[in-house]
Structures are given as C-alpha cells and as structure tokens.
Amino acid sequence: MSTQRPVVAVVLAGGSGKRTGLTEPKQFWKLGGLTVLERAVAAFDRSELIDQILVVASASDLERTRGLLSASSLAKVSAVIAGGSERHDSSRAAVEHLRDQDVDILIHDAARPFVSGDLISRCVHALADAQAVEPVLASADSLVKVEDGVVRAPVVRQEVFRVQTPQGFRLTVLQDAFDQAALADAAELTDDVTVVLNYRPDVRVAAIAGDERNIKITTPADLDLAAWLAESAESEPDTLSSELKAAKETSHD
C-alpha cells in the first residue's frame, strides 16, 4: 500500500559548517566532484516516489544555492527559499511555503548526502498508514545517564535509538504542530518529530529502520568518513544520475 498524496522532499541546507572546521558552509563542500547538497538533492530527484523538491537555504547563501542547483540536472527542484537562524525556523519556512496543500513531506538535512533510495521509499510508504515517520538506528554501545560530569545510571539500550532524516509527515499535521509551537522555546525543537511529539501528542509517529550509511556530516572526522563513502559509492550503479554527473563535468564551478 502506498500513499496517494503527492510527496514533497524538503532539503534543509542552511548549515554553517563551523563544527566541521571548514571555511565555508558544509553543503558546498565537494565530495568526488559534487557538493554535499547536490548529492542529497539528487537522491530525492531520482526517486520515482518524489514529486517535487523544495530546498531551504540561509538568506546569505540563497543566490549561491540557486545558482548551484540551476546548473545541475535536478528536474524536481521547484524552489529554493530562505530559511531562518535555527533549524526549526527553516522547517517552518518550508511548511509555510507549502501551507494547506494536500501533500506528504519528507524533511531531510542536506548534511546527510548518502540517503538511499530504499530509505526514501520506506519513509514514503510508511506514511500510507501513519501521519508521521522517523528513521531510527539501535545503539551498539552501552548507554548511561550523566549529570554534572558524573555517571548516574545506565540507560536501557533497547529503549533508546539514534534518529535520522528524512522524517516524514502529513503536511497538515506538521503545520498544526508548528502553529501551536509558535511561542515555544527554540531549545526544545531539535528536529521536526520533536515538534510533533510536543505539540501534537495525539499523533502516532512510526519508527522505521534507518541506514548506517546515512551519516550526518558534523565533525572533522565525519569529513574523512564522507570522503571514503563518496569514493566507494562511485563504483555503485545509480549512485548519482548520469545527467547530474554530465552536468558537473561540463560545469565551470
């Protein structure tokens, strides 16, 4: 069973890259000749389940982002809009741009350039039966609770999972949650599922299997891992569309 609503992929590309130690925003860092942003957007562009892509960039990088994507063969990008100072502000900007449309949305961090077609498919299909979905991964490590630098208690590992994107929603559900959170403390809103859990507690959020390769580039160590993943991915078919590769080979960027 699959959803009958159109699906919009929202790619959040407003990061600064400060924690990575880069001299420019990490979405513009090149991996194998393609930027992190292009790799993330291309994954949704080639999915048959995605109808359009909305990219949210920081206001200072808006024109650069538009220029980069317009030079690539990414046919489903419908708009590049300005976000806000915090991640949830950018998500809210996307929700307002799409407001009241009868669509499902997948919100994804551009800093995760290795999102797979299989994970996108799992998110979309899960929205046929749920109003919100979140990819999660089990922890292989033991976990503890720490307060003031002191280990206080163990955490039951089987009850705690790592969160990934894309996170999927019926647009109207996330829209209503953001409306109710309008005056909330920004520190509470670490991701979009958190907004729904806090302000639409009646909504069931389905947990689906994440992907270990779907890393988020945050630290200098992540840059090395991302470079290795990009190199290994080049040998796999359909990692990136041939049209996008061809466009970048002829680009003077």
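What's counted below: heavy atoms across the whole structure, side chains too, no hydrogens, waters or symmetry copies. As the structure is a computational prediction, the values presented were derived from the model and not from experiment.
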Where is the tightest heavy-atom contact between Thr35 and Phe28, given as atom of each residue plus distance? CG2-O, 3.7 Å
Tell me whether Val136 is reachable from Ile215 by hopping between hydrophobic residues (I, L, V, M, F, W, Y) whose side-chain heavy atoms are closer than 4.5 Å. no
Examine the side chains of Thr172 and Gln175 and answer whether a donor and an acceptor come within less than 3.5 Å of each other. no
Going by heavy atoms in the side chains, are Ile107 and Thr165 under 4.5 Å from each other? no
Side chains of Asp211 and Gln164: is there a donor and an acceptor less than 3.5 Å apart? no
Under 4.5 Å between side-chain heavy atoms, counting indirect links through other Ile/Leu/Val/Met/Phe/Trp/Tyr residues: same cluster for Val163 and Ile208 or not? no
Evaluate the side-chain contact (heavy atoms from CB on, under 4.5 Å) criterion for residues Leu12 and His108: first the C-alpha distance (whole Å), next the side-chain angles of each, then the deciding distance (0.1 Å), finally the verdict. CA-CA 6 Å; Leu12 304 180; His108 184 66; over 6 Å; no
Would a distance-only check, ignoring hydrogens and angles, find a side-chain to backbone donor-acceptor pair under 3.5 Å from Arg66 to Leu62? no
Begin with the C-alpha distance, continue with both residues' side-chain angles, and end with the deciding distance and a verdict on side-chain contact (heavy atoms from CB on, under 4.5 Å) for Val41 and Ile53. CA-CA 8 Å; Val41 174; Ile53 301 168; 4.0 Å; yes
For the student: nearest non-hydrogen atoms of Arg122 and Gly210, plus distance: NH2-O, 3.4 Å
Is Lys30 paired with Glu24 through a side-chain N to carboxylate O contact shorter than 4.0 Å? no
How many angstroms lie between atom CG of Leu171 and atom CG of Leu174, to the nearest 0.5 angstrom? 7.0 Å
Should the pair Arg99-Asp179 be classified as a salt bridge under the 4.0 Å nitrogen-to-oxygen rule? yes
Does any part of the side chain of Pro135, heavy atoms only, come nearer than 4.5 Å to the side chain of Cys123, both counted from C-beta? yes
Kindly work out whether a path of hydrophobic side-chain contacts (I/L/V/M/F/W/Y, heavy atoms less than 4.5 Å apart) joins Leu223 to Leu225. yes
Hey, quick one: are Leu119 and Leu137 part of the same hydrophobic cluster, counting side-chain heavy atoms closer than 4.5 Å, chains of contacts allowed? no
Could you check whether any side-chain heavy atom of Pro25 comes within less than 4.5 Å of a side-chain heavy atom of Asp61, counting everything from C-beta outward? yes
Set out, in order, the CA-CA distance, both residues' side-chain angles and the distance that settles side-chain contact (heavy atoms from CB on, under 4.5 Å) for Asp104 and Val124, then state yes or no. CA-CA 8 Å; Asp104 287 340; Val124 173; over 6 Å; no
May I ask you to test the His125-Leu49 pair for a side-chain heavy-atom distance under 4.5 Å? yes
Flag, side chain of Arg112 to backbone of Asn214, donor-acceptor distance under 3.5 Å: yes
Check step by step if side-chain contact (heavy atoms from CB on, under 4.5 Å) holds for Ile105 and Arg170. CA-CA 6 Å; Ile105 62 172; Arg170 301 274 178 88; over 6 Å; no
With heavy-atom distances below 4.5 Å as the criterion, would you say the side chains of Val115 and Pro166 are in contact? yes
Under the 3.5 angstrom rule, does the side chain of Glu96 hit a backbone N or O of Ala93 as a donor-acceptor pair? no
Atom pair CG/OG of Asp192 and Ser91 - distance to nearest 0.5 Å: 3.5 Å
Does the distance from a Lys or Arg side-chain N to an Asp or Glu carboxylate O, for Asp45 and Lys76, drop under 4.0 Å? no
Taking CD in Glu48 as the centre, count heavy atoms belonging to other residues, nucleotides or ligands within less than 6.0 Å. Is the count above 12? no
Compare all side-chain heavy atoms of Asp51 with those of Val8 and state whether any distance is below 4.5 angstrom. no
Short side-chain to backbone donor-acceptor contact, Asp222 and Thr219, under 3.5 Å: yes
Quick one: pull up CG in Leu69 and CD in Glu38 and give me the separation to the nearest 0.5 Å. 7.0 Å
Heavy atoms of Tyr199 and Ala177 approach each other most closely as CB-O, 3.7 Å
Has Gln27 got a side-chain atom pairing as donor or acceptor with Ala13's backbone, closer than 3.5 angstrom? yes
For the backbone of Glu86 and the side chain of Asp89, can you confirm whether one donor and one acceptor N or O come within less than 3.5 Å of each other? yes
Under 4.0 Å between a side-chain nitrogen and a carboxylate oxygen: does that hold for Arg162 and Glu212? yes
Let me confirm one number: the CZ-OG1 distance from Arg87 to Thr194, rounded to the nearest 0.5 Å. 9.0 Å
Would you say the side chain of Leu229 lies within less than 4.5 Å of the side chain of Arg213, judging by non-hydrogen atoms? yes
Is the shortest heavy-atom distance from the side chain of Leu106 to the side chain of Phe169 under 4.5 Å? no
Using only atom types and a distance under 3.5 Å, with no angle test, would you say the side chain of Lys216 pairs donor to acceptor with the backbone of Asp109? no
Between Arg200 and Asp202, is the closest basic N to carboxylate O distance under 4.0 Å? yes
Quick check: does any side chain N or O of Arg204 sit under 3.5 Å from a backbone N or O of Gln131, one acting as donor and the other as acceptor? no
Tightest non-hydrogen contact, residues Gln52 and Ser78, listed as OE1-OG, 2.7 Å
Can you name the closest pair of heavy atoms from Ala110 and Val36 and give their distance? O-CG1, 3.1 Å
Can you tell whether the side chains of Arg157 and Glu159 come within less than 4.0 Å, N to carboxylate O? no
Ring-face cation of Arg39 near Phe114 (centre distance under 6.0 Å, axis angle within 45°): no
Single-linkage hydrophobic cluster Val196~Val103, side-chain heavy atoms < 4.5 angstrom: yes
Heavy-atom closest pair (Ala82 atom, Val56 atom, distance to 0.1 Å) is C-CG1, 4.0 Å
Taking Ser72 for the side chain and Leu74 for the main chain, is one N or O donor matched with an acceptor at less than 3.5 Å? no
